[in-house]
Trainee: 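Have a look at this one.
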Amino acid sequence: ISESVMKSSTSINKDNLLHCGTCLGKFTKSGKFRLHITALDYLSQYSKYKVWLKPSAEMSFLYGNNVLKSGLARITESTPQYAGVVIYNLADIPLGFGVAAQTT
């Protein structure tokens, strides 16, 4: 958020201001927090476990398919099973986030 937008949002009444800034996710009706893809830039900086994809598996992932073991280029050492990971392409551009199915 730019500084000028932040300063102008202070003049709006708190009851009328819904939100200001980047949406990281929202709470479901059951109380769980669901991340949005807009949180990817912030998650990728601090992620502990990372996965890099080969170019052949990159488009398949972006279309919503699971990544096979043959599509992995690199993976962070000692990634536990069911750990949250950030998916990168080989140029270190974050593509998304997911869950690791196997340990390393």
Trainee: Are side-chain heavy atoms of L53 and N89 found at a separation under 4.5 Å?
Mentor: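 No - every pair of side-chain heavy atoms lies 4.5 Å or more apart.
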Trainee: Identify the two heavy atoms, one from A100 and one from P80, that lie closest to each other, and give their separation to 0.1 Å.
Mentor: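 Where A100 meets P80 most closely, the heavy atoms are CB-O, 4.0 Å.
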Trainee: When you measure from the side chain of Q81 to the backbone N and O of Q102, does any donor-acceptor pair fall under 3.5 Å?
Mentor: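 Not confirmed, Q81 side chain does not pair with Q102 backbone.
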Trainee: Within the supplied structure, the quantity of interest is the number of heavy atoms (other residues, nucleotides, ligands) at a distance under 6.0 Å from D92 CG; does it exceed 12?
Mentor: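 It does: D92 CG has more than 12 such atoms within range.
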Trainee: Are any of the side-chain heavy atoms of L35 and L43 separated by less than 4.5 Å?
Mentor: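 Yes. Closest side-chain heavy atoms under 4.5 Å.
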Trainee: What closest approach, in Å, do V85 and T79 show between heavy atoms, and which atom pair accounts for it?
Mentor: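 So the minimum-distance heavy-atom pair works out to CG1-CG2, 4.1 Å.
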Trainee: Within a 6.0 Å radius of atom CZ on F33, are there more than 12 heavy atoms belonging to other residues, nucleotides or ligands?
Mentor: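 More than 12 heavy atoms, drawn from other residues, nucleotides or ligands, come within 6.0 Å of this atom.
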Trainee: Atom NE2 in H36, atom CZ in F97: separation rounded to 0.5 Å?
Mentor: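 Taking NE2 in H36 and CZ in F97, the distance rounds to 9.0 Å.
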Trainee: Check whether any side-chain heavy atom of T76 lies under 4.5 Å from a side-chain heavy atom of K48, and answer yes or no.
Mentor: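 Result no, sub-4.5 Å side-chain heavy-atom pair not found.
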Trainee: Looking at every non-hydrogen atom in both residues, tell me the closest pair between S44 and V86 and how far apart they are.
Mentor: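 Taking S44 first and V86 second, the nearest heavy atoms are CB-CG1, 4.1 Å.
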Trainee: Flag yes if more than 12 heavy atoms outside Q45 fall under 6.0 Å of its CD atom; otherwise flag no.
Mentor: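 Yes, because the 6.0 Å sphere around CD of Q45 holds more than 12 heavy atoms from other groups.
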Trainee: Work out which heavy atom in A39 is nearest to a heavy atom in L24; give both atom names and the distance.
Mentor: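 Scanning both residues, the minimum pair turns out to be CB-O, 3.5 Å.
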Trainee: Checking Y49 against I75 for the side chain to side chain contact (heavy atoms under 4.5 Å, CB included) test, could you report, in this order, the C-alpha distance in whole Å, the side-chain angles of both residues, the deciding distance, and whether it holds?
Mentor: CA-CA 8 Å; Y49 305 113; I75 188 168; over 6 Å; no
Trainee: Are any of the side-chain heavy atoms of V67 and I87 separated by less than 4.5 Å?
Mentor: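 Heavy-atom side-chain distance check fails, nothing below 4.5 Å.
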Trainee: Should Y88 and I93 be regarded as members of a common hydrophobic cluster, given that ILVMFWY residues are connected when their side-chain heavy atoms come within less than 4.5 Å of each other, either directly or indirectly?
Mentor: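 In one cluster: no.
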Trainee: Quick one: do M59 and F61 end up in the same hydrophobic cluster if we chain Ile, Leu, Val, Met, Phe, Trp and Tyr together by side-chain heavy atoms under 4.5 Å apart?
Mentor: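 As far as the 4.5 Å side-chain criterion goes, F61 and M59 are connected within one cluster.
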